[in-house]
Protein chains: 4
Amino acid sequence: MTPSNAPATATEDRLYVLTGTCPSVLGSVELVTGFLFQRRCYVTELQTFDDTEGKQFYIRAEFRPMDDIDIEVVRNEFAEAASRYDMTWQIRDSRRPTRCLIMVSKYDHCLQDLLHRYQTGHLNIDIAAIVSNHPDLQGLAAWHGIPYYHLPISAETKARQEAQVWHLIEQTGAELVVLARYMQVLSEDMCSKLHGKAINIHHSLLPGFKGARPYHQAWEKGVKLVGATAHYVSEDLDEGPIISQGVEAVDHSFTPEKLANKGRDIERLTLAKAVKLHSEHRVFLTGNRTVVFAGHN
Amino acid sequence: MTPSNAPATATEDRLYVLTGTCPSVLGSVELVTGFLFQRRCYVTELQTFDDTEGKQFYIRAEFRPMDDIDIEVVRNEFAEAASRYDMTWQIRDSRRPTRCLIMVSKYDHCLQDLLHRYQTGHLNIDIAAIVSNHPDLQGLAAWHGIPYYHLPISAETKARQEAQVWHLIEQTGAELVVLARYMQVLSEDMCSKLHGKAINIHHSLLPGFKGARPYHQAWEKGVKLVGATAHYVSEDLDEGPIISQGVEAVDHSFTPEKLANKGRDIERLTLAKAVKLHSEHRVFLTGNRTVVFAGHN
Amino acid sequence: MTPSNAPATATEDRLYVLTGTCPSVLGSVELVTGFLFQRRCYVTELQTFDDTEGKQFYIRAEFRPMDDIDIEVVRNEFAEAASRYDMTWQIRDSRRPTRCLIMVSKYDHCLQDLLHRYQTGHLNIDIAAIVSNHPDLQGLAAWHGIPYYHLPISAETKARQEAQVWHLIEQTGAELVVLARYMQVLSEDMCSKLHGKAINIHHSLLPGFKGARPYHQAWEKGVKLVGATAHYVSEDLDEGPIISQGVEAVDHSFTPEKLANKGRDIERLTLAKAVKLHSEHRVFLTGNRTVVFAGHN
Amino acid sequence: MTPSNAPATATEDRLYVLTGTCPSVLGSVELVTGFLFQRRCYVTELQTFDDTEGKQFYIRAEFRPMDDIDIEVVRNEFAEAASRYDMTWQIRDSRRPTRCLIMVSKYDHCLQDLLHRYQTGHLNIDIAAIVSNHPDLQGLAAWHGIPYYHLPISAETKARQEAQVWHLIEQTGAELVVLARYMQVLSEDMCSKLHGKAINIHHSLLPGFKGARPYHQAWEKGVKLVGATAHYVSEDLDEGPIISQGVEAVDHSFTPEKLANKGRDIERLTLAKAVKLHSEHRVFLTGNRTVVFAGHN
């Protein structure tokens, strides 16, 4: 084992990210770092978490191959090593944008924010389509040159509408569905199909004010903080695994309307943060919790 | 109306604070400022809030009399003026410490913090007594030279214990009761007697995790923020009018124990902030809400 | 003095803001509040500051006339009262947007942010023109339908270019000049003409890293915080009276490039905040300092 | 390579921390993780940083030996492996407190804070002695049972006083010197001897207000933020490598005295944070910068 020569000689334009989780045992780190070393892959970023409560290990490694290797071969080789540790893992091209489908209703603040970050390169995503149960935001989508599907929904048509949405997801190859203030409850079946692949923004911290007009409820309680929660969609409405939360101070002078305005600001930022973390493969979903390896930006 | 000469000539050592609230009508500000001007009282700090939802007006004015006046006479004169506006008000000596009785169980973090701020002059309070249903913190009280009353409680003795506490409150002339992690629920009668005069610290934002072991619940939900709420005690347990709230970011690496540690830090700061605001007469209790005129420190 | 009936009957659509400052003397508050009461103007927001160091008093009052009065008459009447207290003051229509001229070079992040807030109604301004010493941002201006003046500058043409800018300011009636990353130093004469009417954004806290490449300097020092400062332009370059400052945590992993990115984010927010405060008439310029009455949003 | 059995069987009471830095080359991670795996050491926490500017790699690994090994043997073995990568490293007992000597003058706020955290177990340090050029804080030291050395200093006695301090450092085996508002400049010789082993707290962000009465200078500039910087002592006074920085918002109502109070609060927290990071072996000193692997508490 003598030091090979450094990243200067690496193939600068290729960057992969390996994420994995397995039971906490001696060797779990070495499984990954030893493997990458043997394949002459230079580790540029490494994060691990050893969950002492759940006795589960998590790892995320960004790496750059020194040689011109075939990543499929690497995947196959790693599969064998990982199976001995019972590791669930993925190796992804770090530069490839995550393909998204965004669902909205009438509010545009979250959509506007996502579009802005997408266009300015702050989010490594690719927006395949925007779906709404209302026609209102069609113009905005058109302006950004993104296909807009107006799929109205009612109690009677819910099953059919969801089938249409699902068809679109398959057709566009969307890897992530972002509910950017989509004011409809997904069916249990849809939630189940989208497990770990759909992010929702909730207008409150969790646990929060349930039911209608949450900002009026917050006003009535005279809260001194308001917040929002981005989470994976689960069958348990508004109670899925939390990815990110935001909060800001308010005072008595905030009317319900001002609270809602402030809340929308927090929603925008919190949802964008969750989408960013997910698209950088920094989020592990584990039961009703997440492990999130924060990045630096 | 010619300008009198300035605060330089004022009686520097006297400072009062007038707090008042009345329906929103033309003249509500002038009621206070005009009155103070006529009595040659120099306004050093002034805050108002016009609640457009509740159509209620709030004012807080700190003032220094230019002349050697009798504050009782001022109070009597203002009473007459205020009655025409239906104003509820108080004029207090700004420098007089608020007399407190602190109730604790076994946790000492909030008590320690209050004692430290009290001793270093950061809280303008006077701690008349510490009451606990456990003997554990007796030594701490003794070290600070503060009378400690160990009043155990059980389902059978609850009424009698509360009577003892109430007797102590009356005997010491305590104006404020601080529940600094007192792990007992006060009776409805006691809550009612202490309306607006007792502050509790709740180990969560509101609405929060109900029931036992809130930090374990928070851990199970994988929260990314934890917080605490200081509020006036009301019959509705842990749901009284909020005075202050604190929050901090956490991540997946926080075990329930680490969450609880972080939570205790927030509890300390949030309770101390509420006690400070109350003792500086900056909090108006109005129904289930508060109006809080923040100070600068 | 009997309470008149309340804001419900007020002329809802008219709102004014009175700002004033005078030496600290008994009656300075009453000067304003008494006057407004006599003219049947309902005070909706009131802030005062008594500067004990400089013995100077500051007041800001938003008010709504109950009757259909002529604001010019009000101004004339107040002028007489104010003169007795040596008060410098203004009464402005609170709803009228502040007319701005924005100056930029090549960086667009601050301009983009201002345009976005302007369009979504978050800034009560009116952008009369954009001036740049480069042609780069012409398209952006065109897209927003705002006149763009490309006025190149060199050592030789500086005086003439500034004369053109000044002409534009006069011609457009601009009340505020915003230097949104305008990378030129204004002449002493121009600074003097724009005293209190031009806001600059500085890429650092003050005192900060002087000279070229401040983010490289920050990186070399290994700072753990980066910030930005918005200030009124003064002859003392980058050292004018501070209106707002922003700051964020960074760590060792921030390269100079990442520091600059983070810095640009802070610049955007800090400049927008300063423009908002100024346009809401919340900033008093006093020597080399400012008094800023924060709003709630 | 088959998975051994998990941390459950590990010797729970032993925990070590390996810190190392070497040029960025392929294999630098594996050097550490491979070595620990071979010695059956379970990695409980792992952080790395690849400095692309300086082409330098940093690693910190906490580990628990599965077997009853001799750590001296481990050190010797690792020395050989590390030398091939030019790695500078240390393996320390994670549980052993860092032996400190604290230097103060008259201000007690930082000392009080350190003593409080030390006593409540929040800082894994051991305070061997307190040194001051004034007698004022003797009582405080006595109360905590810590030896207090009053070593006055003047221009004439400076060399001799520093010799006494150095003698104390050697005698007590102090590994870290904390300048907790010690208002004397250390000589170049002393700075050089204490390179990387002395932490100072500076009453400002860096670059900051130089010279006397910094809070008066801050007041005169009308700053909207105040901060403090904890850094390693270097010959360049107040300009050593930064470990932590703190900041808080202020406004026009902060007199120089209030600014100083707020500043002292920030100083306390910022210094305590730096001492904590250092004592947990989370800080790498590299030229005029630091790499700091944050912990979670």
Side-chain angles (χ1 to χ4, degrees), chain C residues 48-54 56 58 204-210 214 216-232 239-258 270 273-274 277 283-294, chain D residues 48-54 56 58 204-210 214 216-232 239-258 270 273-274 277 283-294:
Chain C
T48 67
F49 172 55
D50 188 47
D51 176 9
T52 52
E53 306 283 311
Q56 185 78 7
Y58 302 85
S204 161
L205 296 176
L206 288 178
F209 297 103
K210 301 290 168 61
H216 275 79
Q217 291 186 57
W219 181 84
E220 274 161 24
K221 287 293 301 175
V223 296
K224 307 304 181 195
L225 294 171
V226 288
T229 303
H231 61 92
Y232 284 117
E239 294 280 340
I242 299 169
I243 303 169
S244 59
Q245 297 188 294
V247 72
E248 285 206 47
V250 294
D251 71 12
H252 53 268
S253 73
F254 281 74
T255 56
E257 191 196 338
K258 279 188 183 178
T270 304
K273 186 176 172 187
L277 288 166
V283 189
F284 294 80
L285 177 52
T286 166
N288 205 29
R289 311 178 66 233
T290 62
V291 169
V292 180
F293 289 135
Chain D
T48 68
F49 172 56
D50 189 47
D51 176 9
T52 53
E53 305 283 311
Q56 186 76 8
Y58 301 85
S204 160
L205 296 176
L206 289 177
F209 298 104
K210 300 292 167 59
H216 274 79
Q217 292 185 58
W219 181 85
E220 273 160 26
K221 287 293 298 174
V223 297
K224 306 304 181 195
L225 293 171
V226 288
T229 302
H231 61 91
Y232 285 118
E239 293 279 341
I242 298 169
I243 304 168
S244 58
Q245 297 188 294
V247 73
E248 285 204 46
V250 293
D251 71 11
H252 54 268
S253 74
F254 281 74
T255 56
E257 192 196 337
K258 279 187 184 179
T270 304
K273 186 176 174 188
L277 288 166
V283 190
F284 294 79
L285 177 53
T286 167
N288 205 29
R289 310 178 68 234
T290 61
V291 169
V292 180
F293 289 135

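For clarity, every value in this text was computed on a predicted model and none was experimentally measured. Sequence lines set the chain letters: A, B, ... in the order given, protein chains first and strands last, and positions in each chain run from 1.
- Using modelled atom types and a 3.5 Å distance limit, the side chains of D:Lys224 and C:Thr290 yield a donor-acceptor pair.
- Per-residue counts of heavy-atom pairs under 4.5 Å with chain D were compared for C:Val247, C:Thr286, C:Thr229; the largest is that of C:Val247.
- In this structure, the portions of D:Leu225 lying under 4.5 Å from any heavy atom of chain C include both its backbone and its side chain.
- Top candidate by heavy-atom pairs under 4.5 Å with chain D, chosen from C:Thr255, C:Val291, C:Ile243, C:Val223, is C:Val291.
- Options C:Gly222, C:Gly287, C:Ala218 differ in how many heavy-atom pairs under 4.5 Å they form with chain D, and the most are formed by C:Gly222.
- For the side chain to side chain contact (heavy atoms under 4.5 Å, CB included) test, residues two or more places apart in sequence or in another chain that qualify with D:Ala228 are D:Ile201, D:Ile266, D:Glu267, D:Thr270.
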Practice problem: Test D:His252 against C:Phe293 for side-chain contact (heavy atoms from CB on, under 4.5 Å), laying out the working first. | Solution: CA-CA 9 Å; D:His252 54 268; C:Phe293 289 135; 4.1 Å; yes

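- Shown here is D:Glu257, whose CD atom has no more than 12 heavy atoms of other residues, nucleotides or ligands within 6.0 Å.
- Here CG of D:Asp251 is found 7.5 Å from CZ of C:Phe49. Values are rounded to the nearest 0.5 Å.
- Heavy atoms of C:Thr52 lying under 4.5 Å from chain D belong exclusively to its side chain.
- Side-chain contact check for C:Pro256 versus D:Glu53: some heavy-atom pair is nearer than 4.5 Å.
- Under the side chain to side chain donor-acceptor pair (under 3.5 Å) criterion, D:Gln56 pairs with D:Thr21, sequence neighbours left out.
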